[in-house]
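Positions are given from 1 along the sequence.
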Amino acid sequence: MTEAAPLAIWIVAGEESGDQLGAKLMRSLKARFGAGRVRFAGVGGHAMEREGLKSVFPLEDIAVMGFSAVIARLPTILRRIRMTADAAVAAKPDLLVIIDSPDFTHRVARAVRARAPGIPIVDYVSPSVWAWRPGRAPKMRAYVDHLLALLPFEPEAHQRLGGPPTTYVGHPLIERLDEIRPAAGERGAPPDEPLRLLVLPGSRRSEVSRLMEPFGQALALLKERSPRPFEVTIPAVPHLAGEIRQRAADWPVTPTFVEGEAAKWAAFRRADAALAASGTVTLELGLSGVPMVVAYRVSKLEEVLKYLIKAPSIVLTNLVLGENVIPELIQWDCTPEKLADALLPLLSDTPERRRQEEAFRRLDDLMRIGDEQPSERAARIVAEVLEESSARTRPA
């Protein structure tokens with residue numbers, strides 16, 4: 001008897017975070033099926049390539065952020081969508097996994113489904129249909145066979161909105177709690193030392209350009225009002241570190257800048273409080289147990305979109321908790337005065353600080369998935385979708 005051919009799995013990611021998710025999924029799929037029993041191709045970055053993926057083109061071709069950047073690269077992105085779909089259809093894989101970046105990956109999935117409807121498709125990371133454009137959920141049923149969700153409330157949201165079958169597989173941060181959380185004595189500045197304040201102005205140039213000025217002015221007010229002195233640490237993303245340093249040059253408190261993941265987590269473990277741009281970092285801070293104030297500003301054009309947002313909060317930690325325990329100061333509310341007013345109670349033992357700390361202790365139970373790691377659970381669901389697809393095509 002001849003040995004069966006290896007499984008052919010295509011994985012398509014659109015940016016760095018998707019590349020990291022894809023690499024962990026590939027590792028777990030190799031552990032489940034055997035390294036020699038599965039073959040990978042698609043679109044990914046260095047992490048996925050190290051796990052054995054042959055990328056159709058460099059991920060940098062499409063990994064752009066921000067409205068203006070996308071417009072500038074649109075012809076290239078459209079060509080890459082066609083190229084990816086053509087290659088996937090020609091390869092006839094046993095399964096296609098798309099990862100996040102829905103403006104790119106969902107277009108690929110729709111094209112593949114139209115031309116090769118027999119290829120099962122799994123979507124890893126839900127678009128924010130629970131926040132805005134909920135009509136995307138039922139449309140996804142036409143080209144997504146199963147959705148792997150990172151947030152525990154997303155399966156119910158897709159069921160309510162008519163989306164595809166969805167399984168909560170756990171957020172990748174669950175695998176890193178030992179790095180994020182402080183050891184005994186690591187957090188809590190002694191009374192004779194300055195408090196440790198984290199400032200996180202975002203990972204996009206547009207966020208940094210809009211938030212650094214009000215953040216700096218808020219720190220000036222806080223310096224006048226705080227009962228204790230404080231020091232500021234900024235974990236800067238490498239591609240914006242220079243700009244962040246330049247914009248912080250005239251701040252009333254000279255920040256300490258750290259780069260790299262290990263230094264970032266070390267700063268999280270020591271922090272007493274944080275001022276952060278809205279994003280995944282709010283979930284990182286919540287799991288680390290750092291009380292925070294969250295802010296965000298967008299362009300006037302993007303501001304119009306706020307009327308389409310259906311979620312009760314823009315802060316991921318609030319959404320997971322199901323209550324707005326973290327202050328969020330958005331657009332015109334993102335002023336130095338309001339930021340300082342919200343931060344001040346977090347610098348001492350107050351009801352506002354205790355409320356956040358108590359809420360954060362519930363996150364583990366809310367995000368728990370049992371004994372599996374998120375990438376292992378994702379690989380198990382992928383295997384189940386493969387088996388269901390095989391059963392449908394198997395002769396009676």
Side-chain angles (χ1 to χ4, degrees), residues 9-15 17-18 20-22 24-26 28-29 32 94-110 112-113 117 119-175 280 283 309-314 316-322 363-392:
I9 296 180
W10 257 63
I11 305 180
V12 177
E15 58 183 325
S17 59
Q20 296 296 325
L21 275 178
K24 290 179 180 179
L25 175 62
M26 291 168 68
S28 292
L29 286 168
R32 173 170 284 272
D94 295 291
L95 181 134
L96 167 65
V97 180
I98 58 172
I99 304 181
D100 211 357
S101 304
D103 288 337
F104 176 78
T105 62
H106 284 229
R107 284 176 168 83
V108 171
R110 287 197 294 267
V112 170
R113 178 52 51 92
I119 298 174
I121 300 175
V122 172
D123 184 9
Y124 197 177
V125 184
S126 172
S128 303
V129 295
W130 34 266
W132 72 299
R133 291 172 58 198
R136 290 177 294 174
K139 291 178 182 176
M140 287 170 60
R141 292 187 70 93
Y143 59 90
V144 171
D145 296 292
H146 206 101
L147 177 62
L148 309 179
L150 302 190
L151 300 170
F153 58 84
E154 289 178 321
E156 184 279 329
H158 276 276
Q159 184 177 28
R160 172 169 44 84
L161 295 170
T166 303
T167 300
Y168 170 57
V169 297
H171 198 283
L173 286 171
I174 293 172
E175 300 180 36
T280 304
L283 195 55
I309 295 176
K310 307 298 182 185
S313 172
I314 66 165
L316 284 180
T317 307
N318 281 344
L319 291 170
V320 172
L321 290 168
L363 285 173
D364 281 6
D365 285 341
L366 290 168
M367 300 186 71
R368 193 184 308 278
I369 60 169
D371 295 332
E372 292 175 299
Q373 296 285 11
S375 55
E376 293 170 345
R377 176 173 281 199
R380 176 168 60 80
I381 301 301
V382 166
E384 290 172 4
V385 173
L386 275 165
E387 176 57 32
E388 290 169 6
S389 175
S390 176
R392 286 195 300 269

**Q** Do V97 and L148 make a side-chain contact, defined as non-hydrogen atoms from C-beta onward lying under 4.5 Å apart?
**A**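 They are not in contact (no side-chain heavy atoms under 4.5 Å apart), so the answer is no.
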
**Q** What's the separation between atom CD in E156 and atom CG in L161, rounded to the nearest 0.5 Å?
**A**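 E156 CD to L161 CG: 8.0 Å, rounded to 0.5 Å.
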
**Q** Looking only at heavy atoms, which two atoms of L96 and A109 are closest? And how far apart?
**A** CD2-CA, 4.5 Å

**Q** Roughly how far apart are H146 NE2 and L95 CG, rounded to 0.5 Å?
**A** 11.5 Å

**Q** Where is the tightest heavy-atom contact between E372 and I369, given as atom of each residue plus distance?
**A**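 Nearest pair, atom of E372 first, then I369: O-CD1, 3.2 Å.
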
**Q** Can you tell me which residue among L21, V125, V12, L150 is in a side chain to side chain contact (heavy atoms under 4.5 Å, CB included) with D100?
**A** V125

**Q** Could you list the residues that satisfy side chain to side chain contact (heavy atoms under 4.5 Å, CB included) with E175, not counting sequence neighbours?
**A** K24, Q373, P374, S375

**Q** Tell me whether R32 contacts the main-chain N or O of S28 through its side chain, where contact means a donor paired with an acceptor under 3.5 Å.
**A**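 Judged by distance alone, no pair lies under 3.5 Å.
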
**Q** Inspect the contact between E384 and R380 and indicate whether a charged nitrogen and a carboxylate oxygen are less than 4.0 angstrom apart.
**A**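 Yes, R380 and E384 are salt-bridged.
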
**Q** Supply the atom-to-atom distance L147 CG to D145 CG, rounded to the nearest 0.5 angstrom.
**A** 11.0 Å

**Q** Kindly compute the distance separating CD1 (I98) from CH2 (W10), expressed to the nearest 0.5 Å.
**A** 13.0 Å

**Q** Is any side-chain heavy atom of Y168 less than 4.5 Å from a side-chain heavy atom of E154?
**A**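 The answer is no, as the side chains (C-beta and beyond) never meet within the 4.5 Å cut-off.
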
**Q** Can you check whether T280 reaches H171 side chain to side chain, under 4.5 Å on heavy atoms?
**A** yes

**Q** For residues Y124 and I11, determine if any side-chain heavy atom of one lies less than 4.5 Å from a side-chain heavy atom of the other.
**A** no

**Q** Can you find a pair of side-chain heavy atoms, one from E388 and one from P120, that are under 4.5 Å apart?
**A**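 Of all side-chain heavy-atom pairs linking P120 with E388, none is under 4.5 Å.
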
**Q** Where is the tightest heavy-atom contact between L283 and M367, given as atom of each residue plus distance?
**A**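 For L283 and M367, the tightest heavy-atom pair comes out as CD2-CE, 3.9 Å.
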
**Q** Nearest 0.5 Å please: distance from the CG atom of L366 over to the CG atom of L151.
**A**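 Nearest 0.5 Å value for the CG-CG distance: 11.5 Å.
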
**Q** Nearest 0.5 Å, please: how far is OG1 in T105 from CG in D123?
**A**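 Answer rounded to 0.5 Å: 6.0 Å.
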
**Q** Consider side chain to side chain contact (heavy atoms under 4.5 Å, CB included). Of P102, S126, P164, which one does M140 pass it with?
**A**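 That would be P164.
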
**Q** Got a donor-acceptor contact below 3.5 angstrom from the R136 side chain to the S128 backbone?
**A**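 Yes.
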
